[in-house]
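Just so it is clear: chains get the letters A, B, ... in the order the sequence lines come, proteins before strands, and each one is counted from 1. Hydrogens, waters and symmetry mates are skipped; everything else that's a heavy atom, side chains included, is used.
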Amino acid sequence: MVYFSNNNAYIEKDDFFSIDKTFDCGQCFRFERSGGIYNGIAFGKRLEILEEDDRIILKNVSEEEFNTLWKDYFDLDRDYKAINEIICRDKVASQAAEISKGIRILRQDKWEALCSFIISQNNNIPRIKKIINTLCENFGEKKGDFYAFPAAEVLAKAGVEKLSVLKCGYRAEYIYDAALKVSTGEIDLAGVSEMEYNDAKKYLMAIKGVGPKVADCALLFGFSFLSAFPKDVWIKRVIDKYYGKTFDESIFSPYGGIAQQYLFYYERYVRGKDKK
DNA sequence: TCCCAGGCTCTCT
DNA sequence: AGAGAGCATGGG
């Protein structure tokens, strides 16, 4: 349940919303934890969010802003408990779901998700964050003390040379191609949501630098295609380790993407524990 | 110095 | 269709 008071929005806690896990599972790159509070930007708005024993607090968020923005952003209308029952169909998936319980698949801005995961390729999460931060500071609209994610039009107009400030190497040309195609309408992001999954994936892969994995991440995190199952190095490790060559993500249908996120988080979690 | 990081493009079979 | 080199940059 949600209630509003003191200009804050309060979400009564259950097991299926953890802000730590949601922001620590590598799906978005613009939230940072500082002293128990997450501070970040989405859809051109800044959000401060923190978790107490019995509730999650969205600071300085009106009922109107909550209902029109953050409710969808955190995918709060979805029943993750029911989904987890579908995902828990073998021992590995069940363990992953238990460890990952509380992750919610954010419904991010389409362009931001696409652009962010183009940057993510063959890259590590701290540097991805750094590049995106530089991208926003250099090209995003200034909103008080922070910057919005830059529009495709702005990046297309800036040109590929100016993107060199990002120090993102060969990805600059990919960002530029995406910005160009989106800003001219050659790629219509709004229309992607109406497509079938396979068509949507092929459509996005017409952008230079967008392969199967980046397309799946964009579709999962930006377009709510919950069956998209991005196969990155971590997931390939999980599959090799626990499932083998016969693995088929359709066993989690239609929530492969959520299962993928659980397995991704689980593998990183397990590896983190092994390191200690 | 080499290896790795939420991979993709290009080339060669 | 499938395998492999090359690719910018930075951290360990």
Exercise. Please lay out, stage by stage, how A:Tyr10 and A:Met1 fare under the test side-chain contact (heavy atoms from CB on, under 4.5 Å).
Key: CA-CA 8 Å; A:Tyr10 298 87; A:Met1 281 277 88; over 6 Å; no
To the nearest angstrom, the CG-P distance between A:Leu163 and C:dA8 comes to 15 Å
- Using a cut-off of 4.0 Å on non-hydrogen atoms, how would the nucleic acid contact of A:Cys28 be classed: base, sugar-phosphate, or nothing? nothing
Q) Just checking, is any N or O donor in the side chain of A:Tyr197 or A:Asp216 under 3.5 Å from an acceptor N or O on the other one? A) yes
Rounded to whole Å, CD1 of A:Ile132 lies from C1' of C:dG10 at a distance of 16 Å
On DNA chain B, more 5' by nearest nucleotide between A:Arg127 and A:Val214 is A:Arg127
Centroid separation under 6.0 Å, is that true for the rings of A:Phe17 and A:Phe74?
yes
In terms of heavy-atom contacts, A:Ala93 and A:Phe252 come closest through CB-CE2, 3.7 Å
Just by distance, with hydrogens left out, do A:Tyr80 and A:Asp75 show a side-chain donor and acceptor under 3.5 Å apart? yes
Exercise. Could you walk me through whether A:Phe4 and A:Phe66 pass side-chain contact (heavy atoms from CB on, under 4.5 Å), step by step?
Key: CA-CA 9 Å; A:Phe4 304 89; A:Phe66 181 84; 3.7 Å; yes
Nearest heavy-atom approach of A:Ile118 to A:Arg171 is O-CD, 4.0 Å
Whole-Å distance, A:Asp216 CG to B:dG7 P, equals 13 Å
Between A:Asp20 and A:Tyr38, do the side chains contain an N or O donor and an N or O acceptor separated by less than 3.5 Å?
-> yes
note: A:Met205, atom CE; B:dT9, atom C1'; distance rounded to Å ~ 11 Å
Q | Touch class at under 4.0 angstrom, heavy-atom based, for A:Lys167 against every strand present | A | sugar-phosphate
Got a list of protein N/O to nucleotides 1-4 of chain B N/O distances below 3.5 Å?
none

With a 4.0 Å cut-off on heavy atoms, is A:Pro212 in touch with a base, just the backbone sugar-phosphate, or nothing at all? sugar-phosphate
Taking atom P in both C:dG2 and B:dA5, compute the distance separating them and give it to the nearest angstrom. 24 Å
Separation of C:dC7 atom C1' from A:Arg171 atom CZ, nearest Å, is 9 Å
Describe the nucleic acid contact of A:Gly26 in one word from base, sugar-phosphate, nothing, applying a heavy-atom distance below 4.0 Å. base
- request: Taking atom P in both C:dA8 and B:dT11, compute the distance separating them and give it to the nearest angstrom.
  value: 14 Å
Rounded to whole Å, the CD1-P distance (A:Ile207 to B:dG7) equals 18 Å
Rounded to whole Å, the CD1-P distance (A:Ile131 to C:dG10) equals 8 Å
Atom pairs, protein N/O to nucleotides 1-6 of chain C N/O, distance under 3.5 Å:
none

* Asked: Is the distance between the ring centroids of A:Phe247 and A:Phe229 less than 6.0 Å?
  -> yes
note: A:Asn122, atom CG; C:dG10, atom P; distance rounded to Å ~ 14 Å
Here the residues of residues 102-119 of chain A within 4.0 Å heavy-atom distance, strictly under, of DNA chain C are none
Note: contacts of residues 222-236 of chain A with DNA chain B (heavy atom, under 4.0 Å) are A:Pro230, A:Asp232, A:Val233, A:Trp234
- Query: Do A:Tyr262 and A:Asn84 meet the criterion of a side-chain donor-acceptor pair at a distance under 3.5 Å?
  - Reply: yes
Point to revise | Side-chain H-bond candidate by donor/acceptor type, A:Ser224 with A:Arg107, under 3.5 Å | key: yes
What donor-acceptor contacts under 3.5 angstrom involve side-chain atoms of residues 189-196 of chain A, with partners at least two apart or in another chain?
none

query = Do A:Gln108 and A:Tyr73 get their side chains close enough for a donor-acceptor pair, meaning under 3.5 Å?
reply = no
Distance-only polar pair, side chains of A:Asp90 and A:Tyr243, donor-acceptor under 3.5 Å: yes
Side chain to side chain donor-acceptor pair (under 3.5 Å) filter on A:Tyr170, not counting sequence neighbours, yields none
Practice prompt. Classify the nucleic acid contact of A:Glu173 as base, sugar-phosphate or nothing, counting any heavy atom under 4.0 Å across all strands shown.
Written response: nothing
